[in-house]
Student: 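Please read through the structure below; I'll follow up with questions.
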Amino acid sequence: MKKGLKVFVNLSLLFVLCIPAFSQPSSKSQETFLIDNFDAVGNQNYFHDGESLNWEWTVNTSRFVAEGYPKFGTFNGIPNSLKPFQKGDTEAKVFGLQLAYNRKGDNWAEIIPMRDGKVFEIPFVGTVDHLDFWVWGANYLYYLDVMIRDSEGRVHVLPAGNLRFNGWRNIIVKIPGWVAQHSRLRSGPRNLSLVGFRIRSDAAEYVDDFTFYIDNLKFMSNSLSFIFDGYELKDQSFDDAQSGSSSKSDSSSEAN
């Protein structure tokens with residue numbers, strides 16, 4: 001009797017171990033996604049839902065910006081910590097911004113992506129844990145924020161610290177757990193998206209000549225967190241499906 005019970009238990013364990021791994025996606029599966037290393041302007045080839053996305057960066061500023069500013073573009077350069085990972089056939093570049101204002105106060109500038117001449121928000125993949133990027137500070141007391149839009153359409157401004165340091169520094173911004181990252185609705189925003197960056201001057205800081213650079217923008221995400229059995233059907237198009245109802249056809253037959 002005991003022998004038969006032991007065989008039954010062993011078979012049960014074997015059945016459990018043979019369950020396909022894809023049936024329960026791991027909640028701890030983490031993956032790093034590169035958004036932009038700024039080496040190829042307008043040619044990022046960032047993949048999202050099977051589509052290759054590309055964009056360019058532009059800058060908006062507050063009203064008291066000095067004439068001829070902002071000045072921005074890509075420049076040769078890379079943080080020393082990233083040099084060992086740079087491909088030999090690619091010239092390393094960073095995105096740079098120079099600002100000047102006519103007076104001290106609440107001055108700001110926003111770095112935002114553009115696509116086909118329109119403001120574009122970069123969609124994230126999976127459930128994002130944090131953003132990771134490098135910034136170059138000019139030792140001015142300016143503040144850096146990351147702007148994201150949640151899956152319910154609300155924009156959140158996440159503080160990324162101040163820029164009162166010299167040279168490159170690695171910045172990591174955690175995504176708070178209370179930010180809605182996925183929507184159950186078929187209409188409207190579906191996932192978290194990156195709106196852009198905002199730089200704000202301290203009210204008492206000099207504003208005549210400020211320089212800022214950013215490089216290697218990426219994020220860490222659980223890409224399998226929202227995958228479920230039948231996931232591919234959520235965007236199914238019904239344009240070619242049959243329309244109408246049986247009640248309508250019944251009423252037309254009775255009229256004849």
Side-chain angles (χ1 to χ4, degrees), residues 34-44 46 54-87 90-115 119-122 130-148 155 157-174 194-219:
L34 177 66
I35 297 179
D36 204 340
N37 60 10
F38 305 96
D39 293 346
V41 178
N43 193 30
Q44 291 84 2
Y46 172 78
N54 301 285
W55 59 85
E56 296 182 356
W57 297 91
T58 191
V59 178
N60 295 328
T61 63
S62 54
R63 59 180 296 188
F64 294 112
V65 64
E67 185 177 355
Y69 292 89
K71 300 178 181 179
F72 58 91
T74 56
F75 303 87
N76 294 336
I78 187 174
N80 282 333
S81 298
L82 298 180
K83 286 182 179 179
F85 307 101
Q86 183 67 17
K87 295 181 180 179
T90 304
E91 188 172 28
K93 293 184 178 296
V94 300
F95 182 86
L97 166 65
Q98 189 175 49
L99 292 168
Y101 295 93
N102 292 320
R103 71 178 195 182
K104 295 181 180 182
D106 185 20
N107 301 299
W108 56 264
E110 293 180 345
I111 304 172
I112 57 176
M114 300 281 292
R115 189 182 186 200
V119 174
F120 174 66
E121 296 181 7
I122 303 170
H130 64 266
L131 277 78
D132 184 322
F133 51 93
W134 289 76
V135 297
W136 188 97
N139 208 24
Y140 278 42
L141 187 53
Y142 282 52
Y143 304 95
L144 178 65
D145 299 320
V146 178
M147 298 180 294
I148 59 174
V155 174
V157 180
L158 307 180
N162 67 64
L163 299 170
R164 197 167 187 176
F165 55 86
N166 283 312
W168 289 104
R169 179 174 292 182
N170 185 216
I171 304 294
I172 294 178
V173 178
K174 293 280 292 184
L194 176 65
V195 177
F197 298 89
R198 177 179 293 164
I199 299 171
R200 299 174 290 111
S201 67
D202 187 85
E205 185 57 282
Y206 293 104
V207 294
D208 57 324
D209 182 17
F210 172 76
T211 304
F212 169 85
Y213 297 95
I214 185 171
D215 194 23
N216 205 50
L217 173 59
K218 59 186 180 181
F219 64 93

Student: With Asn166, which residues qualify under side-chain contact (heavy atoms from CB on, under 4.5 Å), at least two apart?
Tutor: Asn139
Student: Using the side-chain hydrogen bond (donor to acceptor under 3.5 Å, both in side chains) criterion, which residues pair with Glu205? Sequence neighbours excluded.
Tutor: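 Partners of Glu205 by the side-chain hydrogen bond (donor to acceptor under 3.5 Å, both in side chains) criterion come out as none, since no residue qualifies.
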Student: For residues Tyr213 and Trp168, determine if any side-chain heavy atom of one lies less than 4.5 Å from a side-chain heavy atom of the other.
Tutor: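 When only atoms from C-beta onward are counted, Trp168 and Tyr213 do touch, with a gap below 4.5 Å.
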Student: Taking only residues two or more places apart in sequence or in another chain, which ones pass side-chain hydrogen bond (donor to acceptor under 3.5 Å, both in side chains) with Glu56?
Tutor: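 None.
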Student: Could you tell me the separation between the CG atom of Asp39 and the OG1 atom of Thr90, rounded to the nearest 0.5 Å?
Tutor: 6.5 Å
Student: Going by atom type alone, with no hydrogens or angles, which donor-acceptor pairs under 3.5 Å involve a side-chain atom of residues 68-81 and a protein atom two or more places apart or on another chain?
Tutor:
residue : atom : partner : partner atom : Å
Asn76   : OD1  : Lys93   : NZ           : 2.8
Asn76   : ND2  : Glu91   : OE2          : 3.3
Asn80   : OD1  : Lys83   : NZ           : 3.0

Student: Is the side chain of Ser62 donor-acceptor paired with the backbone N or O of Trp108 at a distance under 3.5 Å, no angle test?
Tutor: yes
Student: Evaluate the side-chain proximity of Val157 to Met147: yes if any heavy-atom separation is below 4.5 Å, no if none is.
Tutor: yes
Student: List the residues meeting side-chain hydrogen bond (donor to acceptor under 3.5 Å, both in side chains) with Trp57, not counting sequence neighbours, and say none if there are none.
Tutor: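 For Trp57, the residues satisfying side-chain hydrogen bond (donor to acceptor under 3.5 Å, both in side chains) (neighbours in sequence not counted) are Asp36.
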Student: So, using ring-ring contact (aromatic ring centres under 6.0 Å, His included) as the criterion, who are the partners of Tyr46 when residues are at least two apart?
Tutor: Trp55
Student: Tell me which one of Asp208, Val207, Thr211, Thr61 satisfies side-chain contact (heavy atoms from CB on, under 4.5 Å) with Leu99.
Tutor: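 Among Asp208, Val207, Thr211, Thr61, the one meeting side-chain contact (heavy atoms from CB on, under 4.5 Å) with Leu99 is Thr61.
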Student: Ignoring hydrogens and angles, tell me if any N or O in the side chain of Ser201 forms a donor-acceptor pair with the backbone of Tyr206 under 3.5 Å.
Tutor: no
Student: Applying salt bridge (charged side-chain N to carboxylate O under 4.0 Å, His left out), which residue pairs with at least one partner in residues 131-146 are found, sequence neighbours left out?
Tutor: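 Matches after skipping sequence neighbours: Asp145-Arg200.
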Student: Output all residues satisfying salt bridge (charged side-chain N to carboxylate O under 4.0 Å, His left out) with Arg115, sequence neighbours left out; order by chain, then residue number.
Tutor: Glu51
Student: With sequence neighbours excluded, what pairs up with Glu121 under the side-chain contact (heavy atoms from CB on, under 4.5 Å) test?
Tutor: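 Per chain and number, Glu121 pairs via side-chain contact (heavy atoms from CB on, under 4.5 Å) with Arg149, Ser193, Val195.
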Student: With under 30° as parallel and over 60° as perpendicular, where do the rings of Tyr140 and Phe210 fit, or are they tilted in between?
Tutor: tilted
Student: Please round to the nearest 0.5 Å and tell me the distance separating atom CG of Asn37 and atom CG of Asp215.
Tutor: 7.0 Å
Student: Can you name the side-chain hydrogen bond (donor to acceptor under 3.5 Å, both in side chains) partners of Asp209, sequence neighbours left out?
Tutor: Gln98
Student: Can you name the residues that form a ring-ring contact (aromatic ring centres under 6.0 Å, His included) with Phe212, not counting sequence neighbours?
Tutor: none
Student: Return the set of residues passing ring-ring contact (aromatic ring centres under 6.0 Å, His included) with Phe133 (not counting sequence neighbours), or none when no residue passes.
Tutor: Phe197
